Amino acid sequence: MNTPAPRAARVTPISGFPEYLPAERIVEQYFLDVIRETFELHGYPSIETRAVEPVDRLLGKGGDADKEVYGVTRLAADEDEDAGEVEFGLHFDLTVPFARYVLENAGRLSFPFRRYQIQKVWRGERPQEGRYREFTQADIDVVDVGELSSHYEAEIPLVMAEIFAKLPIGRMTIQVNNRKIPEGFYRGIGIDDITGTLRIVDKLDKVGPEKVQGMLEEAGCTSEQAEQCLALAAIRTDDLGFVEQVRALGVEHPTLDEGLEALSRVIRTGMENAPGALVADLKIARGLDYYTGTVYETQLEGYESWGSFCSGGRYDALASDGRTTYPGVGISIGVSRLLGLLLGKGLLTASRSTPACVLVAVNDEEGRPESTRIATALRSRGVPCEVAPKPAKFGKQIRYAERRGIPYVWFPGAGEDGGDQVKDIRSGEQVDARPDVWQPPAEDLRPQILRREG
RNA sequence: GUGGGUGUAGCUCAGCUGGUAGAGCGCUGCGUUGUGGUCGCAGAUGUCGCGGGUUCAAGUCCCGUCACUCACCCCA
């Protein structure tokens, strides 16, 4: 250890790659626990896919994905190899890897196949608040062979509604639409460019109805057609009332009928099983082309400007090997984005920065074995604890606990009869206790996730 | 990718028209010879992001560069 210490390289954060402090991580882990438990409560098994996919598969979905894909190369790769060719890239969502996984394992999976997947994903875009280059997503999807029953489109948002109800966050609203509604509606009024029109209407929240009207007319719509599109997009109901409102616009098309029926099933299921969680919102489009039926977007009440924390939809061709097509429906929570907001705004904190509920004090180094035995006894009954690092003055040991938010300090042999005592350092109350029977109040056993109104 | 802002102690920041590096919080010790939080006293901590230039002299002015950050685009 006598190397002359080289000047330490300055450490700097890397933009878009967030790292939490222990107290924040406790909040994140709580969220992940709730998400996982709820997914499993609904019978979803878990898979994990590798972090990399072949670049051509990542780019295969088309669009402008290429800019956001991180390539993975070996630093020692031959320099005379074609440096421009990167074989592997980090996945930028969990849907593309899942589709590949389904194809690869089709012979060994039972269909309809459902799974959940909670993993990091990477996107090489400019980060800003709530948008990162490395972040965690939690997905559920159901995929079948050839045909996928539509009831899954109604069941999948119930899982997310249950998660949002359990988490100590505000009110989450899952907004649902069915692409067949605008598609049939547009065709019914003589618009042919369905996706182009959807893309424009999708900007409604950002630019407002006047601009959308103008953009639609620029794209070739008559002003009557544009007005009709805006009238459809304005419909939003938390019950089946949207059907009547669409009918009142007087447009007829078989695809429109299909869409209204499908969305009605979703909303009805929501009303029965997760009252208040779902709302039919006919302006929800989702920019991505591959959604074909139901689409979901989720907003946190009071933070609508933060956009969607949880979205997804139905794909009629999630995966295809050329002979067989696998339709699917899925929905995904942006865990990092949600936490980034809630922690960043100080709306959530953990009651302590460690799982330890008890600090077992050490009287002197000769007493450490006794303290360790006490800790072992507490742990054997599920009480998280740690032993003090040094036999410092008790004031120091108490302060060690206080700094970390550990609520109890255990004093070996402090009782009048030579037995132990445990002190609640918040109240100062100190009582006789035995390590083989003492139990903290249930709310102290684990760190609490505290919500601050803000 | 385009445009703005900011880089000084562990953190938040001050530092004027260039003249020897500061505060608060936090941290350590003591008051308090084994039960914290309050209070008082004492103390430690800096490649002033990096490189170059101007100058007798640069945290300060100029050029470059890097990083972080905000907005646009797009998404979770």
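The analysis underlying the following values was restricted to heavy atoms, covering all of them including side chains, and did not include hydrogens, waters or symmetry mates. Lettering follows sequence order; numbering is per chain, from 1. It should be emphasised that the depicted structure is a prediction, and the values quoted were computed from it without experimental measurement.
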Within the 4.0 Å heavy-atom criterion, would you say [X] contacts the bases, only the backbone, or no part of the nucleic acid?
X: A:Phe411; result: base
X: A:Asp93; result: nothing
X: A:Phe309; result: sugar-phosphate
X: A:Ala392; result: base
X: A:Leu338; result: nothing
X: A:Gly307; result: nothing
X: A:Arg123; result: base

Report task. Between A:Pro127 and A:Gln137, just flag the one whose closest nucleotide in RNA chain B comes earlier from the 5' side. Result ->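 Nearest-nucleotide comparison on RNA chain B picks A:Pro127.
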Query - Most 5' of A:Ile333 and A:Ala414 on RNA chain B, judged by nearest nucleotide - result: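 That would be A:Ala414.
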Report task. Please answer whether the main-chain N or O of A:Asp316 pairs with a side-chain N or O of A:Thr292 as donor and acceptor at a distance below 3.5 Å. Result ->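 The answer is yes, because a donor-acceptor pair under 3.5 Å joins these two groups.
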Query raised in the report: Taking A:Thr237 for the side chain and A:Phe242 for the main chain, is one N or O donor matched with an acceptor at less than 3.5 Å?
Result: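 Such a contact is found between A:Thr237 side chain and A:Phe242 backbone.
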Query raised in the report: Is the charged tip of A:Arg25 near the ring of A:Tyr20: under 6.0 Å from the six-membered ring centre and within 45° of its axis?
Result: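 Judged by the rule, A:Arg25 and A:Tyr20 form no cation-pi pair.
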Query - NZ or CZ of A:Arg404 within 45° of A:Tyr400 ring axis and under 6.0 Å - result: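 The answer is yes, since A:Arg404 meets both limits relative to A:Tyr400.
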Which base sits across from [N] as a Watson-Crick or G-U pair, both distances under 3.5 Å?
N: B:G3; answer: B:C70
N: B:G19; answer: B:C56
N: B:U38; answer: none
N: B:U65; answer: B:G49
N: B:A44; answer: none
N: B:G10; answer: B:C25

Provide, to the nearest angstrom, the distance between the [atom1] atom belonging to [X] and the [atom2] atom belonging to [N].
X: A:Asn363; N: B:G34; atom1: CG; atom2: P; value: 13 Å
X: A:Tyr132; N: B:A76; atom1: OH; atom2: P; value: 15 Å
X: A:Arg352; N: B:G37; atom1: CZ; atom2: P; value: 22 Å
X: A:Lys423; N: B:G37; atom1: NZ; atom2: P; value: 11 Å
X: A:Trp410; N: B:G34; atom1: CH2; atom2: P; value: 24 Å
X: A:Arg337; N: B:C74; atom1: CZ; atom2: P; value: 14 Å
X: A:Phe164; N: B:A76; atom1: CZ; atom2: P; value: 13 Å
X: A:Ile14; N: B:C66; atom1: CD1; atom2: P; value: 16 Å

Query - Check ion pair A:Glu429-A:Lys423 (N to O, under 4.0 angstrom) - result: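 Salt bridge flag = no for A:Lys423 with A:Glu429.
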Please confirm whether the shortest side-chain N or O distance from [X] to OP1 or OP2 of [N] is below 4.0 Å.
X: A:Lys396; N: B:G29; result: yes
X: A:Arg126; N: B:C75; result: no
X: A:Lys393; N: B:U33; result: yes

Nearest-nucleotide pick for [X], side chain only, options being [options]:
X: A:Ser15; options: B:A76, B:G36, B:C68; answer: B:C68
X: A:Ile398; options: B:A76, B:G36, B:C68; answer: B:G36
X: A:Glu402; options: B:G34, B:G37, B:C68; answer: B:G37
X: A:Phe394; options: B:U35, B:A76, B:U28; answer: B:U35
X: A:Arg399; options: B:U35, B:C73, B:U28; answer: B:U28

Query - Min side-chain heavy-atom separation A:Met172-A:Gln299 under 4.5 Å - result: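 No. Closest side-chain heavy atoms not under 4.5 Å.
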In whole Å, measure the gap between the [atom1] atoms of [N] and [M] for me.
N: B:G43; M: B:A76; atom1: C1'; value: 49 Å
N: B:A14; M: B:C25; atom1: C1'; value: 14 Å
N: B:G10; M: B:C48; atom1: P; value: 12 Å
N: B:G1; M: B:U65; atom1: P; value: 14 Å
N: B:C70; M: B:C13; atom1: P; value: 14 Å
N: B:U17; M: B:C62; atom1: P; value: 12 Å
N: B:C30; M: B:U35; atom1: P; value: 14 Å
N: B:A21; M: B:A44; atom1: C1'; value: 16 Å

Requested in this report: Answer yes if the side chains of A:Asp144 and A:Tyr326 hold a donor-acceptor pair under 3.5 Å, and no otherwise.
Outcome: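 Judged by distance alone, the side chains do not pair up.
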Query raised in the report: Is the A:Phe17 to A:Trp122 ring centre distance short of 6.0 Å?
Result: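 Centroid separation for A:Phe17 and A:Trp122: 6.0 Å or greater.
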Report task. Measure distances between side-chain N and O atoms of A:Gln430 and base N and O atoms of B:U35, and say whether any donor-acceptor pair falls under 3.5 Å. Result ->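 Looking at the base of B:U35, it does pair with a donor or acceptor on the side chain of A:Gln430 (distance under 3.5 Å).
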